[in-house]
Structures are given as structure tokens and as C-alpha cells.
Amino acid sequence: KCYYRYEDRDFTIFNNELSVKEVNELRSTIEMLGKYRGATGNAWLEEVISNLEYRFGVKANNDNVVAFEQNSQLKGIEFLSDLIDSAVNHMPLHVLYRTYSGKEKSSIVHPYHLKQYNNRWFLFGLEESEKYGNHITNMALDRIVSFSHPTNVAFIPNTD
């Protein structure tokens with residue numbers, strides 16, 4: 001067996017003090033994340049924020065200095081949390097997507113990035129296509145009809 005210890009036996013990673021700059025950055029991050037508290041599909045966020053506040057003893061400033069676009073009626077927002085998990089955990093998706101013209105198409109997508117633009121969310125990833133070849137695509141979340149995780153498809157990482 002092998003053991004590692006700190007040279008200073010009284011040192012512990014759990015007593016590592018944050019600098020003033022780090023505390024201010026953490027406070028700003030908590031404030032930014034707090035803007036999404038209570039939004040549908042973001043229940044996990046409450047746990048993350050509370051954990052940060054408790055663990056580091058940092059509370060957000062209550063001054064409202066930044067506003068983000070929010071639309072509680074936004075279609076597809078219910079997919080956001082699961083799509084983030086899929087991108088983070090490198091899980092390919094079998095997506096049923098409705099195009100602007102109303103045609104539904106089914107494809108395998110390897111999720112890389114989610115972005116909000118003009119109050120809409122978009123999924124960026126590699127789409128497998130026999131007709132066009134594998135290519136980077138973006139899909140508006142409000143046009144995703146459904147998705148699942150195929151078990152027989154290996155994730156293709158983003159090399160670009």
C-alpha cells in the first residue's frame with residue numbers, strides 16, 4: 001500500500017482560504033446562476049447554488065445588476081437539462097426534429113454545445129447523415145420533438 005500526505009501535517013485542502021478576488025468571482029457566479037432559479041427544468045440549479053453558498057460561506061448580492069432573457073413559454077426548454085447532461089457525458093442522441101417547413105426527420109447527433117441566442121436555445125453537434133456525410137449542425141430546441149439515447153452508437157468527439 002502507498003500513502004500520500006502533505007509535508008505540513010496541519011494542512012488540509014478543506015481549510016483552503018479563498019482570496020478576496022476568488023470570493024468576488026464566486027459571488028458573481030452565484031448571482032448569475034441565481035437568475036435561473038425556479039425556471040422549469042432547473043431544479044438541479046437550486047442544489048448547486050445552495051451547495052456553493054453553504055460550502056464557501058458566500059451569499060449573492062441582492063442588487064439586480066444583470067438581466068437575462070427569460071421566456072417561461074419557450075418550447076423545448078424542458079429538454080435543456082437532459083441535453084446538457086448528454087453533452088457533458090458524451091452520450092449520442094437519436095433526435096426526432098421538425099424542420100421549419102414542418103417535415104420531421106430522424107438522425108443521430110453527437111451533442112457538443114448548447115447556446116442561447118435571441119431568446120432561443122440551440123444544440124450544436126455532429127449529425128450523422130448518409131445523404132450529406134457527417135457534419136456539424138445546429139438544432140433549435142423548440143423544434144426538437146423528442147430524443148433518446150441509442151445504446152449501440154459510440155460517441156464521436158469534437159476534434160475541431
Side-chain angles (χ1 to χ4, degrees), residues 18 21-56 58-160:
L18 295 174
K21 182 180 179 199
E22 290 170 327
V23 168
N24 288 334
E25 289 172 353
L26 184 57
R27 182 175 287 119
S28 294
T29 301
I30 291 171
E31 287 174 21
M32 183 187 64
L33 291 173
K35 300 295 181 191
Y36 294 98
R37 277 182 159 160
T40 306
N42 287 346
W44 59 273
L45 194 55
E46 182 63 40
E47 183 179 343
V48 169
I49 294 170
S50 297
N51 194 350
L52 286 171
E53 289 174 338
Y54 174 76
R55 180 173 289 171
F56 296 105
V58 175
K59 294 281 186 190
N61 183 341
N62 290 330
D63 295 341
N64 191 4
V65 295
V66 177
F68 294 94
E69 292 180 359
Q70 290 184 348
N71 180 353
S72 60
Q73 306 302 318
L74 189 62
K75 284 181 64 181
I77 197 73
E78 67 274 10
F79 298 138
L80 186 60
S81 180
D82 289 335
L83 291 173
I84 291 171
D85 287 344
S86 298
V88 167
N89 295 310
H90 300 152
M91 297 167 37
L93 303 167
H94 180 249
V95 178
L96 181 60
Y97 189 77
R98 185 173 295 123
T99 64
Y100 178 75
S101 64
K103 179 183 173 191
E104 288 189 358
K105 71 174 191 169
S106 178
S107 62
I108 300 295
V109 176
H110 303 268
Y112 298 149
H113 184 77
L114 286 118
K115 179 173 179 63
Q116 185 181 27
Y117 179 75
N118 280 347
N119 207 23
R120 290 177 74 195
W121 281 94
F122 295 87
L123 170 67
F124 291 81
L126 180 77
E127 181 177 14
E128 293 185 26
S129 172
E130 290 180 19
K131 186 175 181 179
Y132 302 110
N134 293 356
H135 61 280
I136 298 295
T137 188
N138 68 49
M139 298 180 158
L141 266 59
D142 58 354
R143 296 189 190 278
I144 294 177
V145 177
S146 64
F147 68 89
S148 61
H149 298 285
T151 55
N152 59 343
V153 177
F155 184 80
I156 300 173
N158 183 5
T159 57
D160 295 329

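Keep in mind it's a predicted model, so treat the numbers as computed, not measured.
- A donor-acceptor pair under 3.5 Å is formed between the side chain of Y97 and the backbone N or O of A140.
- A154 approaches P92 most closely through the heavy-atom pair C-CG, 4.0 Å.
- Between the CZ atom in F122 and the CD1 atom in I144 there is a gap of 10.5 Å [rounded to 0.5 Å].
- Remark: F124 CZ to L114 CG distance equals 9.0 Å, nearest 0.5 Å.
- Of all the heavy atoms in Y100 and R143, the pair that sits closest is CD1-NH2, 3.2 Å.
- Side-chain contact between L83 and F147 is present, with heavy atoms from C-beta onward closer than 4.5 Å.
- The two atoms that bring S107 and M139 nearest to each other are OG-CE, 3.9 Å, heavy atoms only.
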Run the side-chain contact (heavy atoms from CB on, under 4.5 Å) test on K105 and S129 for me, step by step, so that the C-alpha distance in whole Å, both residues' side-chain angles and the decisive distance to 0.1 Å come before the verdict.
CA-CA 11 Å; K105 71 174 191 169; S129 172; over 6 Å; no

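- Of all non-hydrogen atoms in V145 and F79, the two that sit nearest each other are O-CZ, 3.7 Å.
- Relative orientation of the F155 and H90 rings is parallel, given thresholds of 30° and 60° on the angle between their planes.
- Smallest separation of non-hydrogen atoms from E128 and N134: CA-OD1, 3.3 Å.
- The distance from atom CD of Q116 to atom CG of L80, rounded to the nearest 0.5 Å, is 9.0 Å.
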Determine, stepwise, if the pair L123 / L141 fulfils side-chain contact (heavy atoms from CB on, under 4.5 Å).
CA-CA 7 Å; L123 170 67; L141 266 59; 4.1 Å; yes

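- Y112 and I156 get closest at one heavy-atom pair: OH-O, 2.6 Å.
- Using a 4.5 Å cut-off on side-chain heavy atoms (C-beta onward), H110 and V153 make contact.
- One finds the NE2 atom of H149 at 8.0 Å from the CG atom of D85 (value rounded to the nearest 0.5 Å).
- Atom OG in S146 sits 11.0 Å away from atom CG in L93 (nearest 0.5 Å).
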Kindly indicate, with the supporting measurements, whether the criterion side-chain contact (heavy atoms from CB on, under 4.5 Å) is fulfilled by L126 and I136.
CA-CA 4 Å; L126 180 77; I136 298 295; 4.2 Å; yes

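- Side-chain contact between R120 and N118: absent, with no pair of heavy atoms (C-beta onward) separated by less than 4.5 Å.
- For the atom pair OG1 (T151) and CE (M91), the distance works out to 11.0 Å, reported to the nearest 0.5 Å.
- The aromatic rings of Y132 and H135 lie perpendicular to each other, with more than 60° between the two planes, well past the 30° mark.
- More than 12 heavy-atom neighbours from other residues, nucleotides or ligands sit within 6.0 angstrom of CD on E104.
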